[in-house]
Amino acid sequence: MEVLPKLIVFSAPSGAGKTTLVRHLLTKEELNLAFSISAASREAREGEVEGKDYYFLGTKEFKNRIRANDFLEFEEVYQDQFYGTLKDEVERLWAQGKNVIFDIDVVGGLRLKEKFPNRTLSIFVKPPSINELQIRLKKRKTETAEKIAMRVAKASTEMATAPQFDVIIKNDDLSEAKALAYQTVLEFINKKVSDG
Ligand code: 5GP
């Protein structure tokens, strides 16, 4: 049985620290990972780069791509803010023989697991508490107060989906969370799966 490329999905409420964990794993060459660049309807924030952080499509183009059935999954993560994984993106990375790592919302994460049940490891990153999440988002200073409130409100429903994931990583202590994420992903990547 050959070792097929895998999907490693990190999902969590905004501010839980999943991006930090994903970036950490990407530095580990032996995992042979490549980051799936999502499409987003929103505008780039300062410092974000087109084709590196996201493919910034704008709302009109994003909706055209939905109609063209170009997405593996997509979500209106926040009101009028669409995010999605393009089929082309994953195929491009698989063609390079890479395992693909995703930093996406909980609904998108579970959808990918459903589509590729054997090949996907779904990981939920749990923040210490909703209160801590709010503090982290405020410190990050990337969102307005209104947007932070929106993200915090959504976090409670997102937290409730945690048991549906293969693995839950509690992010109280970052170095412990990094070590656990590495070990879990390494084991999964070395596992042989037939298909799906
Ligand atoms: P941000 O605006 O902070 O970059 O991202 C907002 C949320 O959208 C995050 O929770 C992020 O994980 C999620 N997200 C990013 N890309 C995708 C994607 O391709 N699909 C889905 N479903 N969610 C995504």
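Counting convention: from 1, in listed order, for ligands and their atoms alike. Just so it is clear, the values below take in all heavy atoms, side chains as well, and ignore hydrogens, waters and symmetry mates. These numbers were taken from a predicted model, which means no experiment stands behind them.
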Contact residues of ligand 1 with a heavy-atom cut-off of under 4.0 Å?
-> Lys18, Ser38, Arg42, Arg45, Tyr54, Glu73, Glu75, Val77, Tyr78, Tyr83, Gly84, Thr85, Asp103, Ile104, Asp105, Gly108, Arg151
Applied to residues 173-186, the salt bridge (charged side-chain N to carboxylate O under 4.0 Å, His left out) test, sequence neighbours excluded, yields none
Side chains of Phe56 and Glu48: closer than 4.5 Å at any heavy-atom pair?
-> yes
Yes or no on side-chain hydrogen bond (donor to acceptor under 3.5 Å, both in side chains) for Tyr83 and Glu76, after CA distance, side-chain angles and deciding distance?
-> CA-CA 6 Å; Tyr83 298 85; Glu76 187 173 3; over 6 Å; no
Lys87 bridged to Glu73 by N-O distance under 4.0 Å | no
Indicate whether the side chain of Tyr182 and that of Glu30 have a donor and an acceptor atom separated by less than 3.5 Å.
-> yes
Within a radius of less than 6.0 Å around NZ of Lys113, do more than 12 heavy atoms belonging to other residues, nucleotides or ligands occur?
-> yes
